[in-house]
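The model shown is predicted, which means the values in this text are computed figures rather than measured ones. The analysis underlying the following values was restricted to heavy atoms, covering all of them including side chains, and did not include hydrogens, waters or symmetry mates.
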Number of protein chains: 2
Amino acid sequence: MHRTATDMKRARTGDQKAARRRAILDAADRHFAEAGFEGFSMARVGRLAGVAKGTLYLYFETREDVLLALTLDKLAAWADALLDDPDAAPSDESFAAAFHAAAWRDPALMPLLSRLDSVIEHNVSTGILIEAKSAMSDLFLGLADGLADRLGLTPAQALDALTSLGALLLGAAQADLGPDLDGCELPADVRRMTEAFASESLFITNACRILRGIRAGH
Amino acid sequence: MHRTATDMKRARTGDQKAARRRAILDAADRHFAEAGFEGFSMARVGRLAGVAKGTLYLYFETREDVLLALTLDKLAAWADALLDDPDAAPSDESFAAAFHAAAWRDPALMPLLSRLDSVIEHNVSTGILIEAKSAMSDLFLGLADGLADRLGLTPAQALDALTSLGALLLGAAQADLGPDLDGCELPADVRRMTEAFASESLFITNACRILRGIRAGH
DNA sequence: TATATTGCTGACCACTGGTCAGATGTGAGC
DNA sequence: GCTCACATCTGACCAGTGGTCAGCAATATA
């Protein structure tokens with residue numbers, strides 16, 4: 001008798017293997033949420049998933065392969081959230097705000113994206129890398145198509161807007177990824193600089209400038 | 001008799017200690033240049049600097065403290081290069097190009113900056129962190145003052161421009177930090193997406209949009 | 001029930017960043 | 001010129017990491 005996908009000690013069918021992989025990714029998600037990128041440990045993922053460390057490497061090439069899969073999941077969720085958000089259109093400003101809010105809805109997304117190229121992609125086989133890039137390409141093209149009308153842009157302009165805002169979002173996010181200094185006595189100059197780099201206002205202001213530039217055909 | 005700052009087995013005077021610290025940072029610089037962020041190892045820094053690993057921890061708190069010091073050095077060099085570049089003014093476009101070129105002059109700078117908040121600052125004591133933030137604050141304020149006239153902006157606008165372009169630069173740089181896929185067969189969609197995210201054109205185009213927005217008072 | 005297949009395990013490897021008791025270079029005082 | 005006290009320096013050591021693989025054992029089939 002075949003076992004169900006979740007009640008088994010060995011995953012033999014395709015469904016069962018998919019379920020195992022899913023279980024590992026869920027454990028990774030939980031672990032990442034509380035340990036962050038640097039504290040992310042394969043040993044703990046295994047323990048959380050109820051599986052030996054070696055087993056992880058039957059389902060993923062490397063630690064970064066796990067993180068890449070996690071990133072793709074969360075990126076797809078971001079795109080869905082943005083498409084479903086009715087505020088993502090009326091004005092450039094509300095679109096920018098919705099773009100930013102969707103990106104921070106899952107607090108793990110920006111930390112992952114900010115290491116996507118610099119760390120994650122460097123420890124993954126080219127096959128998996130290309131597959132991931134292709135998935136992201138599809139996701140962006142689909143998003144551009146879905147948003148073009150709402151933004152009153154051509155699909156090409158919408159894609160330009162998405163890539164431009166994407167880059168801006170990544171850069172602006174940096175400031176929010178630093179350690180929390182709220183409790184500390186800060187010199188006035190440091191506090192001013194911190195505020196100038198605060199992610200949300202920096203992003204929204206410049207997103208509007210960029211969208212205006214695109215509309216003007218620049 | 002006192003030894004000179006560089007000919008000594010023990011650093012006892014302030015000058016000698018400064019020279020040791022400098023020597024360690026130089027070794028770190030060389031090591032980073034060929035190993036990159038992830039491959040950066042304290043053991044190797046020690047070997048390159050001709051010093052035991054334990055000694056490194058007399059001059060720096062942690063690995064990230066070394067990388068933070070390195071980043072500050074390189075950031076100051078970037079600011080100098082930008083101020084000295086006569087092209088950094090005539091038009092928005094040439095300013096944006098000069099901004100980008102200065103940032104990539106030292107190939108280690110962007111890889112370091114892209115991890116500054118997300119990694120480096122998380123493993124450094126608050127004292128050192130605040131000191132570093134203060135130095136960066138001074139650097140940005142000085143740069144804004146030095147460039148405001150040339151850009152035809154008020155100092156406040158110039159600071160806005162610097163922080164905005166800084167964020168954009170960081171985000172746009174991500175794409176250039178990924179692994180090199182030049183030699184590979186890429187599906188057409190992936191290649192298109194890669195080109196859309198190419199750092200230089202993405203940065204310059206949007207930097208001009210942002211500068212235009214600032215001039216327009218947005 | 002016996003067998004072949006193959007998913008799973010965990011001891012093991014080379015490495016990491018960081019520590020600290022003990023060795024030693026060095027300048028000051030005689 | 002010698003001695004000594006002190007602070008700098010060292011490297012074995014620690015707990016941890018990501019990743020491997022020979023062998024164990026759950027399962028589907030005959």
Side-chain angles (χ1 to χ4, degrees), chain A residues 1-24 27-28 31-32 35-68 115 119-120 122-125 128, chain B residues 1-24 27-28 31-32 35-68 115 119-120 122-125 128:
Chain A
M1 183 53 197
H2 282 204
R3 309 307 178 87
T4 65
T6 51
D7 161 34
M8 38 137 195
K9 294 198 166 158
R10 303 282 160 104
R12 304 187 68 106
T13 71
D15 278 359
Q16 288 172 333
K17 289 183 184 185
R20 256 271 194 280
R21 191 182 153 99
R22 190 65 261 162
I24 293 174
H31 176 42
F32 190 96
F37 196 100
E38 269 62 45
F40 187 83
S41 136
M42 291 297 267
R44 277 182 206 285
V45 171
R47 218 172 303 145
L48 266 174
V51 129
K53 191 165 56 148
T55 305
L56 301 177
Y57 291 89
L58 299 175
Y59 291 86
F60 296 92
E61 283 181 353
T62 59
R63 181 181 110 117
E64 280 72 23
D65 187 13
V66 178
L67 293 168
L68 178 57
R115 277 106 164 171
V119 185
I120 296 177
H122 282 279
N123 203 8
V124 148
S125 71
I128 290 204
Chain B
M1 183 54 194
H2 283 203
R3 308 308 179 88
T4 65
T6 52
D7 161 35
M8 39 137 194
K9 296 199 164 156
R10 303 282 160 104
R12 304 186 67 106
T13 71
D15 278 359
Q16 288 173 331
K17 289 183 185 186
R20 255 273 193 280
R21 192 182 152 99
R22 189 67 261 159
I24 292 173
H31 177 43
F32 190 95
F37 196 100
E38 269 62 43
F40 187 82
S41 135
M42 292 297 268
R44 278 182 206 285
V45 171
R47 216 173 304 146
L48 267 173
V51 128
K53 191 164 57 147
T55 305
L56 301 177
Y57 290 90
L58 299 173
Y59 291 87
F60 296 91
E61 284 181 352
T62 58
R63 181 181 111 117
E64 281 72 23
D65 187 13
V66 178
L67 293 168
L68 178 57
R115 276 107 162 171
V119 185
I120 296 178
H122 282 280
N123 204 9
V124 148
S125 70
I128 290 206

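Taking the nucleotide of DNA chain C with the nearest heavy atom to each of B:R44 and B:R10, the more 5' of the two is matched to B:R44. Ranked by how close their nearest DNA chain D nucleotide is to the 5' end, A:K53 and B:L56 are led by B:L56.
Of the possible donor and acceptor atoms, none in the side chain of A:R115 sits under 3.5 Å from a partner among the backbone N and O of A:I120.
Within the nucleic acid shown, A:K17 comes within 4.0 Å of sugar-phosphate atoms alone, with no base atom in reach, counting heavy atoms only. Residue-level contact check: B:L58 touches the bases, meaning some heavy atom is under 4.0 Å from a base atom. Across all strands, B:T55 comes closer than 4.0 Å to base atoms (heavy-atom distances). Within the 4.0 angstrom heavy-atom criterion, only backbone atoms of the sugar-phosphate kind lie near A:F40; the bases stay farther away. Among the atoms of the strands shown, only primed sugar atoms or phosphate atoms (P, OP1, OP2) are found under 4.0 Å from some heavy atom of A:R63. Across all strands, B:D65 comes closer than 4.0 Å to no nucleic acid atom at all (heavy-atom distances).
Here the P atom of nucleotide C:dT26 and the CD atom of B:Q16 are 9 Å apart, to the nearest Å. Across the protein-nucleic acid pair, A:H31 atom NE2 and D:dT17 atom C1' stand 12 Å apart, rounded to whole Å. In this structure, the CZ atom of B:F60 is 15 Å from the P atom of C:dG17, given to the nearest Å. A straight line from CD of A:E38 to P of C:dT16 spans 17 Å, rounded to a whole angstrom. In this entry the distance linking NZ of A:K9 with C1' of D:dA28 reads 17 Å, nearest Å. For the pair A:M42 CE and D:dT20 P, the computed distance is 10 Å after rounding to whole Å. A straight line from CE of B:M8 to P of D:dC9 spans 7 Å, rounded to a whole angstrom.
Here the side chain of B:Y59 is nearest to one of D:dG18, D:dC9, C:dT19, namely D:dC9. Distance from the side chain of A:Y57 is smallest to D:dG19 among D:dT27, D:dG19, C:dT26. With D:dG18, D:dA7, D:dT10 as the choices, the nucleotide that has an atom nearest any side-chain atom of B:A52 turns out to be D:dT10. Each of D:dG19, C:dG27, C:dG17 was ranked by its minimum atom distance to the side chain of B:R12; first place goes to C:dG27.
Taking the side chain as every heavy atom from C-beta outward, A:F32 and A:L67 approach each other to under 4.5 Å. B:V51 has its side chain within reach of B:R20: a pair of non-hydrogen atoms, C-beta onward, lies under 4.5 Å apart. When side chains are defined from C-beta on, A:V45 counts as touching A:F40, because their heavy atoms get closer than 4.5 Å. Using a 4.5 Å cut-off on side-chain heavy atoms (C-beta onward), A:L56 and A:I24 make contact.
For the pair A:R63 and A:F37, the cation sits on the ring face: its NZ or CZ lies under 6.0 Å from the ring centre, inside 45° of the axis.
A sub-4.0 Å separation between OP1 or OP2 of C:dC8 and a side-chain N or O of A:R20 is present. Side-chain nitrogen and oxygen atoms of B:N123 include at least one within less than 4.0 Å of the OP1 or OP2 phosphate oxygen of C:dG18.
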